[in-house]
Participant: 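Below are the structure tokens for one structure; questions will follow.
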Amino acid sequence: MCGIVGAASSRNIVPVLVQGLQRLEYRGYDSCGVAVHAGGLTRTRTTSRVADLLTQVHDDQVEGLTGIAHTRWATHGAPVVHNAHPHFSYGPGEGPDSTKPPRVALVHNGIIENHEALRASLQARGYVFSSQTDTEVIAHLIDSHYDGDLFEAVKASVKQLHGAYAIAAICRDEPHRVIGARAGSPLILGVGADGTENFLASDAMALAGVTDQIVYLEEGDVVDLQPGKYWIVDRAHKPVARTVRTVQAHSGAAELGPYRHYMQKEIFEQPRAIGDTLEGVQGIVPELFDGVGQDGATGASAHRVFKAIDKVLILACGTSYYSGCAAKYWLEGIAKIPTQVEIASEYRYRDSVPDPKTLVVTITQSGETADTLAALKHARSLGMEHTLTICNVATSAMVRECKLAYITRAGVEIGVASTKAFTTQLAGLFLLTLALAQAKGRLSDADEARYLKEMRHLPVALQSVLALEPQLISWSEDFARKENALFLGRGLHYPIALEGALKLKEVTYIHAEAYAAGELKHGPLALVTSEMPVVAVAPNDALLEKLKSNLQEVRARGGVLYVLADRDTQIDSSEGIHVIRMPEHYGALSPLLHVVPLQLLAYHTACARGTDVDKPRNLAKSVTVE
Ligand code: G6P
């Protein structure tokens, strides 16, 4: 979703700004732009890719010491150039057609909920709007408060904003200053190495190779950046010192290696990612989940919390939600702990019955998803103080907000469709299940040893599943010609069917739905024809015979089946039934393995259809607005 980069420097900063945008491309965007102070304010905007923005600024010889840049993922107003950021304010009564130069340039990530009221009052004061965005309101608002000091104008403006924002602004009359502010959307400050420049960005990755000295701005902070100094005030506008952390961010952008797309690379990285995630896990100990501390201090103790709770509430969105759905089967089946899994955007607004003895578990690869953060806050506001996150970004807002944390080590995931982040979440959730089972006295030493052995086997098992790729390529040739697909699973593999359908729709734009196979005859069977491929996840578990009956129901209606069967499952390929045999039977950890062929199926079908695999239309990697 929207990405921000800003810089106040003593050198031409345009290359750093645009490279920063390139590193934020993975978040998803549909237009981009940059504004610099070059005598006055100038800007370049495009609905094309950041690479084209780079060509444009190069051809136009755009240079400046101070600037702001942005990738926009449209919310208010279509993805057209006049809605792209940066937005200008020319002052009341003036607009792009006037001879007066612009006074304020602004970029924004978030949603301003009171933008209509603000727009009306600014229009009444003579401000001319040239976009449909909520962002332009902030540019004019800052201009309306401007009296020679941009920092003061931003501080006065943010007081009037309702909603979520991270902003960066520059001003015609103060050529060496960038002002930033955040509430509800992420923004970091990068401290330049030699004391001659400072930066703003949506995440540390945007500044990889520029600086590793990072300040995570907190809710309500406003920051004044100049080349040799910076100054932060908190939400009450009192001066505040924030910790500077050394953050090794990797862009990952240059590492495509032998792969065609990041999605393919990330699917094939899963043995490594799971291996890294489990590295150092010698035994099941609650300390695996100890908090990393909100300000570098020692975090909360998982040992005490695991003993105290008697319920789990999982909050997440998208793929992360499906990993939570799978974990429910483990948490109730192995740890015997009642578990509720909620879509974060639903939970945050519904009436629910809180229980303070609940462990609230958020699952998020980015750690910045607005709805998941808001759902966590909602749970806390209801008195549920035991919070834990399974997250892939140790420095994210979510890790800072939760008392306990398990950091997965998937590494940076660039492809919008999540793959390795999902399987590493499952690994973290399985460990959490075992840790809770142990805390409740429900994990024998023998079971602990057996589960750990099975977990350590995962990287090897994943390699052998990845070797099935040629068979999935063959299936993808059939799927590429279809417009609909149905996915079936039962029990622990129902969430895997859901995730398989999500992957297919995200990257191929084929309409895909998943059902618990037992639900087939309650509706979806009506859709089954020879034009509707039906994927079945069929491990050799207690539900296999029931699943086989469901598959017969599909065949009897002329449906064509694509079955992921375990090695020892008695389902064979025949007319209308295509079977891929998984190399082993994986027991409780089976979801981590069965999802991989579904990822490969989606990926290769997308390649066959020629879609933009890593950046599917309309989707964003980091969903920082609700
Ligand atoms: C977006 C991404 C998905 C991700 C979801 C939740 O939709 O494209 O890959 O599953 O957000 O994101 P989170 O960072 O909270 O896991």
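Atoms within a ligand are numbered from 1 in the order they appear, just like the ligands themselves. Small disclaimer: the values here were computed from a predicted structure and weren't measured.
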Participant: Check this for me: does any side-chain nitrogen of one of Lys265 and Asp614 sit under 4.0 Å from a carboxylate oxygen of the other?
Facilitator: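 Judged by the 4.0 Å cut-off on N to carboxylate O distance, Lys265 and Asp614 do not form a salt bridge.
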Participant: Donor-acceptor pairs are to be reported for all side-chain atoms of residues 368-378 against protein atoms at under 3.5 Å, with residues two or more places apart or in another chain.
Facilitator:
unit_1: Glu368; atom_1: OE2; unit_2: Ala397; atom_2: N; d: 3.3
unit_1: Thr369; atom_1: OG1; unit_2: Ser366; atom_2: OG; d: 3.3
unit_1: Asp371; atom_1: OD1; unit_2: Arg348; atom_2: NH1; d: 2.6

Participant: Is the closest basic N to carboxylate O distance between Arg380 and Glu385 below 4.0 Å?
Facilitator: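 Glu385 and Arg380: not salt-bridged.
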Participant: Could Glu513 and Lys505 be called an ion pair, given the rule that one side-chain N must be under 4.0 Å from one carboxylate O?
Facilitator: no
Participant: Between Arg242 and Glu218, is there a side-chain N and carboxylate O pair less than 4.0 Å apart?
Facilitator: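 Looking at Arg242 and Glu218, the cut-off is met.
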Participant: Taking the six-membered ring of Tyr29, is NZ or CZ of Arg49 closer than 6.0 Å to its centre and within 45° of its axis?
Facilitator: yes
Participant: Give me the pairs of N or O atoms, one from ligand 1 and one from the protein, that sit under 3.5 Å apart.
Facilitator:
unit_1: ligand 1; atom_1: 8 (O); unit_2: Val416; atom_2: O; d: 3.2
unit_1: ligand 1; atom_1: 8 (O); unit_2: Ala620; atom_2: O; d: 3.0
unit_1: ligand 1; atom_1: 9 (O); unit_2: Val416; atom_2: O; d: 3.1
unit_1: ligand 1; atom_1: 10 (O); unit_2: Thr319; atom_2: N; d: 3.1
unit_1: ligand 1; atom_1: 12 (O); unit_2: Thr369; atom_2: OG1; d: 3.3
unit_1: ligand 1; atom_1: 14 (O); unit_2: Thr364; atom_2: OG1; d: 3.2
unit_1: ligand 1; atom_1: 14 (O); unit_2: Gln365; atom_2: N; d: 3.4
unit_1: ligand 1; atom_1: 14 (O); unit_2: Gln365; atom_2: NE2; d: 3.0
unit_1: ligand 1; atom_1: 14 (O); unit_2: Ser366; atom_2: N; d: 2.8
unit_1: ligand 1; atom_1: 14 (O); unit_2: Ser366; atom_2: OG; d: 2.6
unit_1: ligand 1; atom_1: 14 (O); unit_2: Thr369; atom_2: OG1; d: 3.2
unit_1: ligand 1; atom_1: 15 (O); unit_2: Thr364; atom_2: OG1; d: 2.7
unit_1: ligand 1; atom_1: 15 (O); unit_2: Thr369; atom_2: OG1; d: 2.5
unit_1: ligand 1; atom_1: 16 (O); unit_2: Ser320; atom_2: OG; d: 2.5
unit_1: ligand 1; atom_1: 16 (O); unit_2: Gln365; atom_2: N; d: 2.8

